[in-house]
Amino acid sequence: MAYCSPLLAVVLTILCGALLFIALGKNPVTGLQVFLLEPLRNLSAISELLLKTTPLVLCALGLSVCYRANVWNIGAEGQLIAGGLAAGATVLFFDQGSGASPWLVLLTASLAGVAGGACWASITALLRDRFHANEILVSLMLTYIAQLFLMYAVNGPLKDPNGMNFPQSKVFSSEYLLPHLFSGSRLHIGFIVMLAATAAMAVFVYRSFAGYRLTVGGLAPLAARYAGFSSRNALWTSLLISGGFAGLAGAFEVTGPIGQVLPSISPGYGFAAIIVAFIGRLNPIGTIFGGLVLSLFYLGGEMAQSRLGLPSAITGLFQGMLLFMLLACDTLIHYRLRWKK
């Protein structure tokens with residue numbers, strides 16, 4: 001039932017979505033068709049689905065490691081922003097007629113994104129390690145600080161002088177953008193990197209001693225302490241891995257579909273990745289399924305706005321319903337309702 005729970009939660013979310021369309025005065029069949037089937041109508045639409053899946057899965061991979069280690073990182077959104085900002089600044093540094101190799105620039109920008117996200121996550125690790133601060137609150141609040149840093153950057157040092165005073169950086173040169181996998185599609189090589197990262201994390205979690213230590217530390221802290229496993233190492237390792245993957249997702253966004261640094265690097269991928277991680281049962285392979293579901297909700301929400309005239313909040317409503325149904329299904333795995341006189 002633990003593996004059937006996400007599927008049941010998706011079905012219940014769809015049923016509640018039908019009731020939601022009725023409450024909004026829309027035909028539920030038409031609404032669900034637009035929301036769930038239109039994003040899959042052709043190969044171009046499927047490539048957009050996979051494009052949105054990439055950052056969601058990358059963030060969820062790191063979060064899964066954290067949650068397995070009982071470290072509650074809620075700040076993947078801020079770490080994604082920090083990584084995107086670092087990667088964008090790196091590309092802008094080279095994109096000044098330097099003539100540097102595009103592959104070298106893209107590799108350097110990706111590594112800068114990983115470093116930016118990991119450094120941002122290290123603040124949470126440091127405050128938790130030295131001052132016993134709550135990592136949930138610290139990581140969440142750092143997200144808003146990262147957003148303020150991003151706004152400062154696009155209005156200050158990274159602002160395009162020829163951008164008509166808009167808060168944005170210069171558009172990157174085409175050679176410094178991630179190459180597309182197919183002509184006529186925006187799906188880039190970051191999708192292949194995401195698949196490779198998923199396989200690597202599956203090996204790390206299930207076939208490495210370091211992954212075993214993290215899992216034991218999360219499931220049985222007393223047993224981990226008795227075995228000599230360091231809770232401090234688990235804290236730093238999980239947060240740095242999580243921040244690095246979120247930062248890589250941010251780097252792929254600015255060097256991929258966005259192509260510049262904007263105030264809105266992410267539409268909330270870091271927060272949605274929390275749901276992705278739990279839909280995937282904290283399993284690296286399972287996060288791909290969760291990422292596909294959440295990216296379908298993103299695209300379905302955009303379709304519902306343009307075709308049915310619904311508000312943009314429809315995406316958040318479906319995400320919230322999915323999380324609620326998943327928590328309810330997981331709870332009823334271990335508990336059952338009983339009528340008592």
Side-chain angles (χ1 to χ4, degrees), residues 2-3 6 50-77 79-80 82-84 87 107 110-111 113-122 124-125 135 139 178 188-219 224 229-230 233-253 256 266 269-295:
Y3 291 97
L50 299 178
L51 178 66
K52 285 189 176 294
T53 302
T54 301
L56 286 169
V57 172
L58 285 174
C59 290
L61 287 175
L63 291 177
S64 297
V65 173
C66 275
Y67 299 157
R68 279 180 167 272
N70 203 24
V71 177
W72 296 98
N73 177 20
I74 310 296
E77 180 77 1
Q79 293 146 24
L80 184 151
L107 178 60
S110 299
L111 293 176
V114 172
C119 288
W120 203 250
S122 70
T124 302
E135 73 272 18
S139 59
L178 292 172
H188 51 71
I189 197 172
F191 178 73
I192 303 298
V193 176
M194 179 270 290
L195 294 178
T198 302
M201 289 307 297
V203 173
F204 173 78
V205 170
Y206 295 109
R207 292 291 182 270
S208 73
F209 185 63
Y212 171 73
R213 286 186 302 181
L214 290 178
T215 302
V216 172
L219 294 176
F229 299 162
S230 172
N233 288 343
L235 170 71
W236 280 92
T237 301
S238 59
L239 277 172
L240 290 179
I241 290 175
S242 181
F245 273 115
L248 182 62
F252 285 167
E253 285 299 291
S266 166
Y269 291 141
F271 293 122
I274 298 173
I275 307 176
V276 172
F278 282 103
I279 290 178
R281 307 285 79 180
L282 305 184
N283 184 315
I285 305 300
T287 58
I288 295 180
F289 169 72
L292 290 171
V293 173
L294 266 293
S295 59

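Starting from 1, each residue takes its place in the sequence as its number.
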Are the side chain of [X] and the backbone of [Y] linked by a donor-acceptor contact shorter than 3.5 Å?
X    : Y    : value
Q79  : G75  : yes
T237 : A234 : no
S242 : L239 : no
R281 : Y3   : no
E135 : N73  : no
S230 : N233 : yes

Restricting to non-hydrogen atoms, name the atom on [X] and the atom on [Y] that form the minimum distance, rounded to 0.1 Å.
X    : Y    : answer
A76  : A246 : O-CB, 3.7 Å
V71  : S238 : CG2-OG, 3.6 Å
N70  : G218 : CB-CA, 3.7 Å
A202 : I285 : CB-CD1, 4.2 Å
L56  : A272 : CD2-CB, 3.8 Å
E77  : Y269 : OE1-N, 3.3 Å

On the 0 to 90° scale, with breaks at 30° and 60°, tag the Y67-F278 ring pair as parallel, tilted or perpendicular. parallel

Nearest-0.5 Å distance that lies between atom [atom1] in [X] and atom [atom2] in [Y]:
X    : Y    : atom1 : atom2 : answer
T287 : L282 : OG1   : CG    : 10.0 Å
L240 : T124 : CG    : OG1   : 10.5 Å
H188 : E253 : NE2   : CD    : 6.0 Å
L195 : T53  : CG    : OG1   : 10.0 Å

Should [X] and [Y] count as side-chain neighbours, where that means a heavy-atom distance under 4.5 Å?
X    : Y    : answer
Y212 : R207 : no
F191 : L51  : no
I279 : I275 : yes
V193 : F252 : yes

So, using side-chain contact (heavy atoms from CB on, under 4.5 Å) as the criterion, who are the partners of L219 when residues are at least two apart? T215

Could you point out which residue of F209, F229, F204 forms a side-chain contact (heavy atoms from CB on, under 4.5 Å) with L214? F204

Which atom pairs, one a donor and one an acceptor, fall under 3.5 Å between side chains of residues 57-66 and the rest of the protein, sequence neighbours left out?
residue, atom, partner, partner atom, Å
S64, OG, A60, O, 2.8

Do other residues, nucleotides or ligands put more than 12 heavy atoms under 6.0 Å from the OH atom of Y206? yes

